[in-house]
2 protein chains.
Amino acid sequence: MTRTILESKSQTVTIGFDQPFCVIGERINPTGRKKLAAELEAGDFSTVEKDALEQVACGAMVLDVNAGVVYNSNPNPNETEPPLMRQMIQLVQGLVEVPLVIDSSVPGALEAGLEVAQGRPLVNSVTGEEERLESILPLVKKYNVPVVAISNDDTGISEDPNVRFDVAKKIVERAADHGIPAHDIVVDPLVMPIGAMATAGQQVFALVRRLREELGVNTTCGASNVSFGLPNRHGLGAAFLPMAITAGMTSAIMNPIRPQEMEAIRAANLLMNNDANGSEWIKFARVMDAHKAGTPFAEASQAAAAAGSGGGRSGRRRRRG
Amino acid sequence: MTRTILESKSQTVTIGFDQPFCVIGERINPTGRKKLAAELEAGDFSTVEKDALEQVACGAMVLDVNAGVVYNSNPNPNETEPPLMRQMIQLVQGLVEVPLVIDSSVPGALEAGLEVAQGRPLVNSVTGEEERLESILPLVKKYNVPVVAISNDDTGISEDPNVRFDVAKKIVERAADHGIPAHDIVVDPLVMPIGAMATAGQQVFALVRRLREELGVNTTCGASNVSFGLPNRHGLGAAFLPMAITAGMTSAIMNPIRPQEMEAIRAANLLMNNDANGSEWIKFARVMDAHKAGTPFAEASQAAAAAGSGGGRSGRRRRRG
């Protein structure tokens, strides 16, 4: 059974076919968030702190940390990202107990994050591009960590799912050459917007099934991509995630502050027999009751988390001594 | 490709793997609705009328009609159900354009319904019980209609999904002996409550896949069974349905008045490439906008249906001359 082990200083999260779906909070990312980028340039980390605490309270089991800024004062990310990544990783792991994802396209920023991260973070990401394979895989091996593998290569992103499968296979094989086992590769098969490609859903469900059955790897995705450009995006996301889970998807990088998708995932966990006695569902139903009565979801989640004092999550997170 | 054809006087609905999920409205059923049963005994059909119009406005493509009353004045359903079924079928098909399901455990009521139903209704149901097989299948053959086949037999409902598959297979084979093709059998694999059986979800997903791949039949279920006894049932139903659709389920008997499940089904239709250009999703998003702004779902749906004047549903329903 494929198990991808992520660790913080104090917690272990297992990504696997027989595990609750792994929700990776995407919010700590200045890409496309101009206000956050400006705050970071000014040395203000208050939004990062708020995003870290809120996402964990809402049910994120892992937090993605991306330091992808382009400062007005210095437009070179190779210079600005590594120190910022170091600072953000240290800040976030000081605030919350969950394992982290070190997310950057700058190899120096990945290494800076790896140097300071406690436990066993997930590296995001390697692709099938030759240059990326040869710069990232040695880092992954050196730090003995798992890595997200995105199914594009030097020819770009193929619309043909068979090509994307072949790219994933190539990455898994190349990783093996570096001594990295398949269970430490989490493949992102790339979800296309359903508004642009009508077969995008069926394509990804079939691809996830193949990745699971033929390569034995865990999978992830940027869950919001599928609904790009369409109205009522959360309604679409809330159906997409249970469908992807049925096909074998084991994690997603997503916004856990939205109740509709989180409700769908918790329901899917129960329906996949990954919520013993429905205890997580029953607890979550109380949060949804409070939310429906008018309390914002994040606030209702934080109140429930505080009341449960962390012990309530033990079904999902084993503490290490 | 398996296609189960249902017809009213004016509309055709096709149940199939490449079709939008077939929502069968369950509301017209006095079982467990004491107030409705009392109304029917008093000859008051106003609730039936309201339920028919509301369900169709909310997106039911087919309506189930069940006349399962136990009158205070006459406790024998063999005497009371047939005339009531006749009356209800005539009333409902006079009010709405959608095909109907004739739903009864009393063979005389099924035949009474078949005598007056226009087009090609669905008979609900036959089981694997010998007596049912030999009383219902000749009726189904005589009227050349499709039938729901429930996977229980003289030994009851098995908790073993392989046994339930075998019962379905036996019904399909026996139907063939009567000259009824597999595409006219819609199997209900029986969904167990997930609160009572933790494997109920996985079981039904695997079973639906087998029924589709090995027997080539369409499937249905009582969608609300899965959440029996648990809190936040609609949240669970809204994840269950897209998951079942991913596994190959093609219809459900359910309450279409609930926005959460209907939103999930419409999203799943789009994600399965059964909503050309997302046009149904985009129309539905406007209904959800109105609903979120405070309009009751049924009312918002009725307003949208009136504005679209029926033509908007042509993607799903072909009119016959």
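Keep in mind that what you see is a predicted model, and the values were worked out from it rather than measured. The figures that follow rest on heavy atoms only: side chains count, while hydrogens, waters and symmetry mates do not. Chain letters run A, B, ... following the sequence lines, proteins first, then strands; residues in each count from 1.
- Shown are R266(B), R286(B), K292(B); of these, the side-chain hydrogen bond (donor to acceptor under 3.5 Å, both in side chains) with N232(A) is made only by K292(B).
- If you measure heavy-atom distances from L236(B) to chain A, the contacts under 4.5 Å come from both the backbone and the side chain.
- With a 4.5 Å cut-off on non-hydrogen atoms, I282(B) touches chain A through its backbone and its side chain both.
- Heavy atoms closer than 4.5 Å to chain A are found nowhere in R233(B), neither backbone nor side chain.
- The 12-atom threshold is exceeded at CG of D18(B), counting heavy atoms of other residues, nucleotides or ligands nearer than 6.0 Å.
- Both the backbone and the side chain of F240(A) come within contact range of chain B, judged by heavy atoms closer than 4.5 Å.
- A 4.5 Å side-chain heavy-atom check between R209(B) and T246(A) finds at least one atom pair inside the cut-off.
- Using a 4.5 Å cut-off between heavy atoms, L270(A) touches chain B through backbone and side chain atoms alike.
- The number of heavy-atom neighbours closer than 6.0 Å to CG of N277(B), taken from other residues, nucleotides and ligands shown, is 12 or below.
- With a 6.0 Å radius and a threshold of 12 heavy atoms from other residues, nucleotides or ligands, F17(A) has its CZ atom above the threshold.
- Using a 4.5 Å cut-off between heavy atoms, A200(A) does not touch chain B at all.
- Taking all atoms of both residues into account, the shortest heavy-atom contact from A268(B) to A239(A) is N-CB, 4.3 Å.
- Taking chain B as the reference chain and counting heavy-atom pairs below 4.5 Å, the highest number among G278(A), G201(A), P242(A) is found for P242(A).
- Only the side chain of Q260(A) comes within less than 4.5 Å of a heavy atom in chain B; its backbone stays farther off.
- For M288(A), the part lying under 4.5 angstrom from a heavy atom of chain B is the side chain only.
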Can you give the donor-acceptor pairs under 3.5 Å from side chains of residues 53-64 of chain A to other protein atoms, not counting sequence neighbours?
residue, atom, partner, partner atom, Å
E54(A), OE2, K50(A), NZ, 3.3
Q55(A), OE1, E26(A), N, 3.1
Q55(A), OE1, R27(A), N, 3.0
Q55(A), NE2, D51(A), O, 3.1
D64(A), OD2, N124(A), ND2, 3.3

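- The residue from N274(B), N273(B), L271(B) that alone fulfils the side chain to side chain contact (heavy atoms under 4.5 Å, CB included) condition with Q202(A) is N273(B).
- Only the side chain of V226(B) comes within less than 4.5 Å of a heavy atom of chain A; its backbone N, CA, C and O stay farther away.
- At a heavy-atom cut-off of under 4.5 Å, chain B is reached by no residue from residues 213-224 of chain A.
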